[in-house]
Amino acid sequence: MAKNVVVVGTQWGDEGKGKIVDWLTDRAKGVVRFQGGHNAGHTLVVGEKVYKLNLVPSGIVREGVDCFIGNGVVLDIHHLISEIKVLESGNIDVRSRLKISPGCPLILGYHAALDHAREAAKCADLKIGTTGKGIGPAYEDKVARRALRVYDLFYPARFAERVRENLDYHNFVLTRYLGAQAVDGEAVLAQAMADAEAIKPLVTDVSAALYALNKAGHNLLFEGAQGALLDIDHGTYPFVTSSNCVAGQAAAGSGVGPGMLHYVLGITKAYCTRVGGGPFPSELDIEKDGLPGHQMSQKGREFGTVTGRKRRCGWLDAAALRRSIQINGVTGLCITKLDVLDGLSELKICTGYLLDGKSADLLPMGADDVAACEPVLETLPGWSGSTVGANTMDALPVAARAYLARIEELCEVPIDIVSTGPERGETVVHRHPLG
């Protein structure tokens with residue numbers, strides 16, 4: 001019987017989902033992206049090769065695995081073509097295995113222009129830290145029912161008419177409200193039509209294809225982007241992304257029923273990171289050498305895959321993790337980057353907060369309350385031994401095992417996988433999500 005797994009980030013993104021999806025694909029036939037856009041950054045290390053993916057699902061580096069971009073993804077087709085070419089230059093067969101939903105809303109040149117202009121117009125305290133790739137404005141157009149979708153590329157005359165209609169509106173906002181330059185509609189149209197020819201052969205009824213694979217008894221993976229604490233509904237609003245990042249979006253964003261989602265794997269760093277603006281209760285100083293935050297930043301190579309920006313670092317936040325477990329229905333956890341904590345004499349876990357003088361054991365809703373939270377920290381012993389490359393629990397230092405056990409106690413969800421390095425084999429498996 002087929003078993004399907006949803007892989008989601010349980011923090012503010014960058015938890016290491018790509019490696020885990022790639023690792024799981026040895027038992028899966030298909031991998032599906034179901035939300036976000038090319039603001040996602042998944043890094044895979046296979047032997048001596050490093051692959052950096054934004055839109056193409058992480059299963060692409062496994063031969064024989066079908067990859068799908070579901071309707072919940074906003075798609076910059078020009079970027080997708082560039083990404084495909086890079087993969088093909090590394091002798092990876094992409095075009096015969098990558099399938100794109102006709103329902104994907106398109107990111108066009110005016111979306112990125114709006115993204116940059118809006119962020120530039122905000123005062124420093126209100127900047128979201130957007131990647132500027134047009135993700136948010138594209139989702140806005142989708143909800144406003146003026147989006148152009150992959151489907152529309154097959155009807156060039158209508159596509160051209162709607163691009164011009166949209167630019168009447170968006171250029172008014174750009175020039176009259178934001179004080180930015182207007183976007184040349186003919187250039188947008190020419191680029192879209194040129195790119196369309198390359199992706200038309202990849203367009204498939206993704207929903208029907210997934211049902212067919214499932215009916216045939218094949219396992220599927222649903223690959224989330226960003227993290228649950230950046231979810232547009234449940235994250236630290238307004239410092240969030242523009243899509244739903246939670247496990248439930250796997251159904252809506254790919255066209256399958258929720259009954260086809262059997263297990264939710266929550267990916268969690270052994271500490272916390274965040275890119276861009278927004279509150280972060282357990283945040284540490286990453287600049288001062290010799291402090292834990294500096295070690296997390298440097299040893300963890302905490303720089304954004306998409307933007308290259310430094311990630312903010314802090315202690316693992318169990319109260320935020322509990323919130324994420326609830327909203328995702330997490331079945332089991334995967335702890336990544338445990339090796340980054342090697343050598344620290346003591347560790348801390350944020351077990352809850354003080355908010356307006358009262359105790360809170362879950363991350364509050366909304367950025368204002370989260371910013372007002374004072375972390376309640378519990379101290380645990382660190383370890384001097386190395387966890388790098390360990391692939392059994394017994395190979396981990398005693399204190400590292402105790403740290404993991406305490407996370408399980410605080411979150412009341414089992415840790416099924418521990419990642420101890422970027423390579424596929426550097427993985428401890430307690431219970432395999434696909435059996």
Side-chain angles (χ1 to χ4, degrees), residues 35-40 54-55 69 71-82 100-124 126-200 203 225-226 230 232-233 237-244 253 276-277 306-307:
Q35 51 78 216
H38 63 307
N39 56 340
N54 301 127
L55 283 167
I69 297 177
N71 56 277
V73 175
V74 286
L75 190 62
D76 182 323
I77 56 175
H78 192 65
H79 181 93
L80 177 62
I81 292 166
S82 298
I100 302 167
S101 169
C104 290
L106 295 173
I107 299 175
L108 299 169
Y110 48 83
H111 293 125
L114 284 163
D115 217 353
H116 284 292
R118 287 177 183 168
E119 191 79 345
K122 291 176 182 174
C123 65
L126 295 178
K127 290 185 185 295
I128 302 297
T130 174
T131 57
K133 295 182 179 296
I135 310 299
Y139 274 116
E140 289 176 39
D141 273 3
K142 172 185 175 178
V143 174
R145 291 171 292 194
R146 59 174 167 257
L148 286 152
R149 305 194 300 172
V150 168
Y151 171 86
D152 295 306
L153 293 170
F154 291 87
Y155 302 91
R158 187 180 69 191
F159 189 94
E161 181 181 352
R162 292 189 59 198
V163 165
R164 295 182 184 112
E165 288 175 358
N166 282 355
L167 271 173
D168 282 345
Y169 171 72
H170 288 311
N171 274 337
F172 179 85
V173 174
L174 280 165
T175 59
R176 301 289 295 276
Y177 181 68
L178 296 170
Q181 294 292 315
V183 172
D184 181 353
E186 296 310 309
V188 169
L189 183 58
Q191 184 71 70
M193 289 295 99
D195 293 335
E197 297 310 308
I199 71 157
K200 282 180 180 179
V203 178
Q226 289 84 44
L230 292 174
I232 187 68
D233 286 307
Y237 192 92
F239 297 94
V240 291
T241 193
S242 303
S243 61
N244 287 112
V306 174
T307 64

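Being a predicted model, the structure only gives us computed values, none of them experimental.
- The distance from the CD atom of Gln181 to the CG atom of Leu174 is 9.5 Å, given to the nearest 0.5 Å.
- Expressed to the nearest 0.5 Å, how far CD of Gln191 lies from CG of Asp184 amounts to 12.0 Å.
- Rounded to the nearest 0.5 Å, atoms NZ (Lys200) and CG (Asp195) are 11.5 Å apart.
- The line from CG of Leu80 to CD1 of Ile107 is 11.0 Å long, rounded to the nearest 0.5 Å.
- A salt bridge (charged side-chain N to carboxylate O under 4.0 Å, His left out) with Glu140 holds for exactly one of Arg145, Arg146, Arg118; it is Arg118.
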What do the steps show when you test His38 against Ile135 for side chain to side chain contact (heavy atoms under 4.5 Å, CB included), and what is the final call?
-> CA-CA 8 Å; His38 63 307; Ile135 310 299; 3.9 Å; yes

Checking side-chain hydrogen bond (donor to acceptor under 3.5 Å, both in side chains) for the pair Asn166/Tyr110: CA distance, chi angles, key distance, verdict?
-> CA-CA 9 Å; Asn166 282 355; Tyr110 48 83; 3.2 Å; yes

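- Taking every heavy atom of both residues into account, Met193 and Leu153 meet most closely at CE-CD2, 3.9 Å.
- Residue-environment remark: CZ (Phe154) exceeds the threshold of 12 foreign heavy atoms within 6.0 Å.
- In this structure the side chain of Asp168 never reaches within 4.5 angstrom of the side chain of Arg164, judged on heavy atoms.
- The backbone N or O of Ala40 lies less than 3.5 Å from a partner atom in the side chain of Asn54, making a donor-acceptor pair.
- A side-chain N or O of Asn39 and one of Gln226 form a donor-acceptor pair less than 3.5 Å apart.
- Side chain of Asn171 to backbone of Val183: a donor-acceptor contact under 3.5 angstrom is found.
- Contact between Phe239 and Gly277 at its shortest, heavy atoms only, is CD2-C, 3.6 Å.
- With hydrogens and angles disregarded, no donor-acceptor distance shorter than 3.5 Å links the side chain of Asp141 to the backbone of Ala147.
- Summarising the geometry of Gly132 relative to Ala112, their closest heavy-atom pair is O-CB, 3.9 Å, with the distance given to 0.1 Å.
- Counting heavy atoms from C-beta outward, Tyr139 and Ser243 have side chains that approach closer than 4.5 Å.
- Put simply, the side chain of Arg162 never gets that close to the backbone of Asp152: no donor and acceptor are under 3.5 Å apart.
- Annotation: the span from Ile77 atom CD1 to Leu106 atom CG amounts to 5.5 Å, rounded to 0.5 Å.
- Side-chain atoms of Ile69 and Cys104, non-hydrogen and from C-beta on, do get closer than 4.5 Å to each other.
- Nearest heavy atom pair, residue Ala160 against residue Leu189, reads CB-CD2, 3.5 Å.
- At distances below 3.5 Å, not a single donor-acceptor pair connects side-chain atoms of His79 with backbone N or O atoms of Asp76.
- Closest approach of Thr241 and Ile232 over heavy atoms only: O-CD1, 3.4 Å.
- In terms of heavy atoms, Leu230 sits closest to Val240 at O-CB, 3.2 Å.
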